[in-house]
> 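Sharing a structure below in C-alpha cells format, with a few things to ask.
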2 protein chains.
Amino acid sequence: MVERMDDDSLSAILKAASDPTRRAILTLLAQQGPMRVTDIHSQFDMSLNSVSKHIKVLEQAGLVKRRTEWREHMIEVEMGPMSHIDAWFAALRSIWELRLEALDDILTKDDPDND
Amino acid sequence: MVERMDDDSLSAILKAASDPTRRAILTLLAQQGPMRVTDIHSQFDMSLNSVSKHIKVLEQAGLVKRRTEWREHMIEVEMGPMSHIDAWFAALRSIWELRLEALDDILTKDDPDND
DNA sequence: CATTCGTTCAACCATATGGGTGAATAACCT
DNA sequence: AGGTTATTCACCCATATGGTTGAACGAATG
C-alpha cells in the first residue's frame with residue numbers, strides 16, 4: 001500500500017535530488033562508499049564550502065548520513081528515503097492507470113444508454 | 001549499464017516534481033484526465049497566474065502536455081518522462097548494490113591475506 | 001603551546017523561485 | 001463593435017539557492 005509520507009519530506013528529497021552536483025555526490029558515494037567531505041570535494045571543481053553545503057542539503061533530506069568520527073565526517077549514501085520518490089511515482093501512475101481503466105470500461109461496455 | 005540521460009532534463013523533472021503544488025496538479029490530472037488551466041486553478045487557493053506558472057514549469061519539464069484547442073488549453077499529464085526519475089533511482093541503487101556485493105565478496109572469500 | 005587539518009559558520013552576491021496584481025492577447029457570443 | 005472568457009505577459013516583491021571568500025572551531029600532532 002502507498003505509504004503516504006510527509007509532503008514536505010518528499011519535497012525535500014526531490015529538491016535535493018534535483019541538483020546535478022548533488023546527484024553526482026550521491027552517485028560517487030554509492031560507488032565509493034563512505035567518504036569524507038574533503039574527499040568528495042576533491043572530485044569537484046568547486047569550493048569545499050559549496051560541497052559542504054550540498055552535503056548539508058542532502059543530509060537534511062535524509063539522502064546521506066553523517067558519521068562524525070573524531071574530526072572526520074564520514075558521509076554515506078542512504079538509499080532508504082529514495083524509495084519515497086519511487087513510491088510517489090508508483091502512486092501517481094496507479095491513479096493514472098485507474099482512470100484509464102475506468103474510461104476504457106465506460107467505452108467498451110455494451111450499454112445502449114450511452115450517447 | 002547506466003542509461004545516462006540528459007542531466008539537465010532530469011534536473012528539470014526532479015525540480016518540477018519537488019514542489020507540492022505541482023505534485024498536486026499532477027495528481028489531479030492523473031485522476032481527472034485533461035483539464036483546462038482554469039479548472040485546475042479552481043482546485044487551488046492561489047491566483048490563476050501562479051497556477052499558470054506552475055503548469056509552465058511542468059510543461060517545460062515535459063511532465064504535462066498542452067493541447068491548445070481554440071482558446072482553451074487542455075493540460076494533460078505525461079507519464080513518460082517520469083520514468084526517468086525511476087530510472088535514475090534504479091541506476092543509483094544498482095551502483096550501490098554492486099559495491100556492496102563486491103565488498104561482501106572481499107569479506108567472505110577465504111583469503112588468508114586479509115588482516 | 002603553535003600548527004595543521006577537516007569542517008562549518010558568517011557574510012556577501014547574483015540569480016531563480018513562488019507568490020501577487022494588472023494589462024494584453026485571442027477567441028467566442030451577442 | 002463590445003463584452004465575456006481563457007490564458008499569458010510584464011512587473012514587483014520576498015525569499016531561497018548556489019556560489020564565493022574569510023574567519024572560526026575542534027582535534028590531532030610536533
Side-chain angles (χ1 to χ4, degrees), chain A residues 6-29 32-77, chain B residues 7-29 32-78:
Chain A
D6 245 286
D7 220 38
D8 288 351
S9 305
L10 184 54
S11 296
I13 291 170
L14 286 163
K15 192 164 203 170
S18 76
D19 183 272
T21 303
R22 288 195 288 263
R23 281 200 307 281
I25 290 175
L26 290 175
T27 304
L28 186 64
L29 288 171
Q32 307 289 329
M35 298 175 80
R36 296 177 310 163
V37 178
T38 307
D39 297 331
I40 297 171
H41 164 239
S42 72
Q43 307 288 318
F44 292 92
D45 189 22
M46 113 185 12
S47 77
L48 174 66
N49 224 325
S50 296
V51 172
S52 175
K53 284 208 272 184
H54 278 306
I55 290 170
K56 180 157 306 196
V57 173
L58 289 169
E59 195 182 6
Q60 282 168 346
L63 297 183
V64 303
K65 201 180 60 181
R66 183 188 303 255
R67 264 185 300 121
T68 303
E69 289 174 357
W70 311 114
R71 69 173 162 170
E72 296 178 354
H73 298 208
M74 295 304 283
I75 313 295
E76 189 168 9
V77 71
Chain B
D7 222 36
D8 289 349
S9 305
L10 184 54
S11 295
I13 291 169
L14 286 163
K15 191 164 205 173
S18 75
D19 183 272
T21 303
R22 287 195 288 264
R23 281 200 307 282
I25 290 175
L26 290 175
T27 303
L28 185 64
L29 289 171
Q32 307 290 331
M35 297 175 79
R36 296 178 311 163
V37 178
T38 307
D39 297 331
I40 297 171
H41 164 240
S42 72
Q43 308 288 319
F44 292 93
D45 189 22
M46 115 186 8
S47 75
L48 174 66
N49 221 326
S50 296
V51 172
S52 174
K53 286 206 267 185
H54 278 305
I55 291 171
K56 180 158 304 196
V57 172
L58 289 170
E59 194 182 7
Q60 282 168 346
L63 297 181
V64 303
K65 199 180 62 181
R66 183 188 303 255
R67 264 185 300 121
T68 303
E69 288 174 359
W70 310 114
R71 65 173 165 173
E72 295 179 355
H73 299 206
M74 294 305 283
I75 314 295
E76 190 168 9
V77 69
E78 190 73 28

> Out of B:K65, B:R67, B:H73, which residue meets the side-chain contact (heavy atoms from CB on, under 4.5 Å) rule with B:P34?
B:R67

> Find the distance B:H54:NE2 to D:dT7:P and express it as a whole number of Å.
17 Å

> Is the distance from OP1 or OP2 of C:dT7 to the nearest side-chain N or O of A:S52 less than 4.0 Å?
no

> Nearest whole Å is fine: how far is D:dT8 C1' from B:E59 CD?
12 Å

> What are the two closest non-hydrogen atoms of B:A61 and B:I13, and how far apart are they?
O-CG1, 3.5 Å

> Collect all protein-nucleotide pairs involving nucleotides 9-16 of chain D in which both atoms are nitrogen or oxygen and the distance is under 3.5 Å.
from	atom 1	to	atom 2	distance (Å)
D:dC9	OP2	B:K56	NZ	2.4
D:dC9	N4	B:N49	OD1	2.8
D:dC9	N4	B:N49	ND2	2.2
D:dA10	N6	B:N49	ND2	3.4

> Tell me the interatomic distance from A:I75, atom CD1, to C:dT7, atom C1', rounded to whole angstroms.
10 Å

> Could you tell me how far apart B:L14 (CG) and C:dT17 (P) are, to the nearest whole angstrom?
14 Å

> Nearest whole angstrom, please: distance from the C1' of C:dG18 to the CZ of B:R22.
8 Å

> Under a 4.5 Å cut-off applied to non-hydrogen side-chain atoms, are A:D39 and A:I75 in contact?
no

> When you compare the side chain of B:R66 with that of B:I55, does any pair of heavy atoms fall below 4.5 Å?
yes

> Go through C:dT7, C:dG19, D:dT20 for me and flag the one nearest to the A:R36 side chain.
C:dT7

> If each of A:D45 and B:D39 is mapped to the nucleotide of DNA chain D with the nearest heavy atom, which maps nearer the 5' terminus, i.e. the 5' end?
B:D39

> Considering only D:dT20, D:dG18, C:dG6, which nucleotide approaches the side chain of A:M46 most closely?
D:dT20

> What is the separation between atom NE2 on B:H41 and atom C1' on D:dT8, rounded to the nearest whole Å?
14 Å

> Looking at side-chain heavy atoms only, is the closest gap between B:M74 and B:R36 below 4.5 Å?
yes

> Can you tell me the distance, in whole Å, between the CG atom of B:L48 and the C1' atom of D:dT8?
9 Å

> I need the minimum non-hydrogen distance between B:L58 and B:I25, along with the two atoms involved.
CD1-CG2, 3.8 Å

> Check whether any side-chain heavy atom of A:R23 lies under 4.5 Å from a side-chain heavy atom of B:L14, and answer yes or no.
yes

> How close or far is atom P of D:dT8 from atom CD1 of B:I40, stated in whole angstroms?
10 Å

> Which nucleotide sits closest to the side chain of B:R66: D:dT7, D:dG19, C:dG19?
D:dT7

> Does a nitrogen or oxygen in the side chain of A:S47 sit under 4.0 Å from OP1 or OP2 of D:dG19?
no

